[in-house]
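See below for the structure under consideration.
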Amino acid sequence: QSLDLIFNDLVAGDSSTVVKYLSKGLDVFNYSEMKLFVHGDLDDSPGQISYYVDENNYATDLYFRFGADSTNYYEYIRPTKAGWEEISVNFDDLTTIKEARPIDSLTVPFRVPVPGKPGHYYGIRGAPSLTKVSFLALGVLNPKGNREEIQIGESVSGHLWVNELRVIGANDKAGWAMSSQASIKFADIVSVSGSYSQTDPYFHKLSERFGNRVDSKSWNIQSNIDVLKLLPINMPGS
């Protein structure tokens, strides 16, 4: 079923949001995109949330947020339009934005345009992580600003449907693991044995879906010396 959001008299500057908190955070690090379908009200006349002429003349902004909480999240913003459309959030783009943003923007949303999509923006606030997504939010904002046909302050109403929130592009990179061991014995006096093992970040068991993202290495060397055989006297039973 669709999530049906009903907005009544949303005035300029106000927003309305539906939020879901997850008791166990999702780890989406091993995927490339998060997608969902949205359907704006088919009534796209002035005064409705789906009113849209171009990226400079429209009624409302639709935003989708996910992250740790309401102060640490990634964001996708776009104008609300009538009919079905798909929102696609590219994780590589978000990671690039997170690394490039100014340090002083941690407490406020930092937004950049989505290439090739006028009116669409990526945003980031705080310090979200793709390894623990516990907060999901979707809402509509009636922004303040210049409108060619809508007066500032006019309220808007309408329905918005949301479907099929999902992640795609699972990491299918092959992983590998190796182990080796060897031993050597010198007569009955000295013996030396050793082992070495290594697992790359992508290797996982059949019962697991992804690797643990850790390149692990371990080694061990053990030697034994029979001191009694070096003594010039015989010590039976020792």
Side-chain angles (χ1 to χ4, degrees), residues 1-22 26 28 33-67 69-71 73-91 93-94 97 108-125 128 133-169:
Q1 292 180 329
S2 297
L3 174 64
D4 184 11
L5 307 180
I6 304 172
F7 302 91
N8 292 310
D9 298 324
L10 190 65
V11 300
D14 279 357
S15 62
S16 187
T17 311
V18 58
V19 177
K20 181 176 181 64
Y21 285 96
L22 306 175
L26 299 175
V28 298
E33 287 183 277
M34 181 178 287
K35 292 189 174 188
L36 68 156
F37 290 107
V38 292
H39 182 286
D41 203 319
L42 292 179
D43 183 358
D44 58 357
S45 59
Q48 298 297 311
I49 64 169
S50 300
Y51 175 77
Y52 179 87
V53 177
D54 55 41
E55 64 271 17
N56 299 311
N57 180 19
Y58 61 92
T60 60
D61 285 314
L62 167 66
Y63 54 86
F64 170 63
R65 297 168 180 167
F66 63 97
D69 50 46
S70 59
T71 57
Y73 58 79
Y74 295 107
E75 183 177 41
Y76 192 98
I77 306 171
R78 50 154 299 162
T80 309
K81 297 181 181 180
W84 285 111
E85 290 196 305
E86 187 175 46
I87 293 177
S88 179
V89 184
N90 186 292
F91 293 156
D93 292 342
L94 294 181
I97 296 170
V108 296
F110 177 72
R111 292 165 181 163
V112 298
V114 178
K117 295 184 176 182
H120 294 227
Y121 294 87
Y122 282 127
I124 181 174
R125 181 180 181 182
V133 177
S134 305
F135 166 81
L136 298 167
L138 188 138
V140 166
L141 167 68
N142 185 354
K144 293 181 179 180
N146 296 323
R147 295 288 187 270
E148 296 178 3
E149 299 179 20
I150 300 178
Q151 296 180 356
I152 297 176
E154 180 179 350
S155 63
V156 293
S157 302
H159 283 241
L160 179 71
W161 294 349
V162 187
N163 275 73
E164 295 186 26
L165 174 62
R166 63 207 187 277
V167 286
I168 65 170

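Throughout, residue positions are numbered sequentially from 1 according to the sequence presented.
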Measuring from atom CG of D61 to atom OG of S15, what distance do you get when rounded to the nearest 0.5 angstrom? 10.5 Å
With sequence neighbours excluded, what pairs up with Y74 under the ring pair (Phe, Tyr, Trp, His ring centres under 6.0 Å) test?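 Partners of Y74 under the ring pair (Phe, Tyr, Trp, His ring centres under 6.0 Å) test: F66.
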Are the side chains of [X] and [Y] in touch, meaning some heavy atoms are under 4.5 Å apart?
X    : Y    : value
L136 : L22  : yes
I97  : F110 : yes
V19  : F135 : yes
F64  : R78  : no
L5   : V140 : no
V11  : V156 : no
L138 : L36  : yes
L141 : T60  : no

Short N-O contact, R125 and E75, less than 4.0 angstrom: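 No, R125 and E75 are not salt-bridged.
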List the steps, then state whether side chain to side chain contact (heavy atoms under 4.5 Å, CB included) holds for F7 with S157. CA-CA 5 Å; F7 302 91; S157 302; 5.6 Å; no
What do the steps show when you test L62 against L160 for side chain to side chain contact (heavy atoms under 4.5 Å, CB included), and what is the final call? CA-CA 10 Å; L62 167 66; L160 179 71; 3.5 Å; yes
To check you understand the geometry: which heavy-atom pair defines the closest contact between [X] and [Y], and what is its length?
X    : Y    : result
Y51  : P46  : CD1-N, 3.6 Å
A82  : D44  : CB-CB, 4.2 Å
P143 : A12  : O-CB, 4.4 Å
S16  : Y63  : O-OH, 3.7 Å
Y73  : P109 : OH-CG, 4.0 Å

Please report the C-alpha distance between F37 and E85 in whole Å, then the side-chain angles of each, then the deciding distance to 0.1 Å, and finally whether the side chain to side chain contact (heavy atoms under 4.5 Å, CB included) criterion is met. CA-CA 6 Å; F37 290 107; E85 290 196 305; over 6 Å; no
Could you walk me through whether K35 and I87 pass side chain to side chain contact (heavy atoms under 4.5 Å, CB included), step by step? CA-CA 6 Å; K35 292 189 174 188; I87 293 177; over 6 Å; no
Are [X] and [Y] close enough that a side-chain donor and a side-chain acceptor fall under 3.5 Å?
X   : Y    : answer
S45 : D43  : yes
H39 : N163 : no
S50 : Y58  : no

Looking at V162, V38, L165, which one forms a side-chain contact (heavy atoms from CB on, under 4.5 Å) with L3? V162
Could you tell me if the ring centre of Y122 sits under 6.0 Å from that of Y76? yes
Got a sec, which pairs hit salt bridge (Lys or Arg N to Asp or Glu O under 4.0 Å) with one end in residues 156-168, sequence neighbours left out?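 Sorted pair list: E86-R166.
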